[in-house]
Amino acid sequence: MRTARAPHRPHLPGQRPGGVTFRDNVFAGAAAGSPIADAHNTYDHNLYARTPGVPAADTGAVRGDPPNIGADQGSGK
């Protein structure tokens, strides 16, 4: 799992249009919700928390609020 934190920013740091696939990631927005408006990249089987919508092409999208645990507290999977 990869994590990119960009509090109070409208987009991820260094995000450029085109050709990036975001697969098996967790996108957790701000408490008030953070939209994902990106028609240039591909999203596949990601988990979305506190986002008002998910990219339409992410047919394997899961919505929910993931627990935040430290790496040493994982399930070992």
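Residues take their numbers from the sequence shown, with the count starting at 1. Only heavy atoms go into these numbers, but all of them, side chains included; no hydrogens, no water, no symmetry mates.
Checked by atom type and distance alone, the side chain of D58 pairs as donor or acceptor with a backbone atom of H45 at under 3.5 Å. In terms of modelled atom types and a separation under 3.5 Å, the side chain of N41 and the main chain of V20 share a donor-acceptor contact. In this structure a side-chain-to-backbone donor-acceptor pair under 3.5 Å is missing from N46 to V26.
Minimum interatomic distance between G33 and P52 (heavy atoms only, all atoms of both residues): C-CD, 4.4 Å. G29 and R50 get closest at one heavy-atom pair: O-NE, 2.8 Å. Nearest heavy atoms, I36 versus T51: CD1-CG2, 4.2 Å.
Take A57 and apply the side-chain contact (heavy atoms from CB on, under 4.5 Å) test, not counting sequence neighbours, and it matches no residue. Here S34 pairs with A30 under the side-chain contact (heavy atoms from CB on, under 4.5 Å) rule; sequence neighbours left out.
With rounding to the nearest 0.5 angstrom, the CG atom of L47 is 10.0 Å from the CG atom of N25.
Relative orientation of the Y43 and F22 rings is parallel, given thresholds of 30° and 60° on the angle between their planes.
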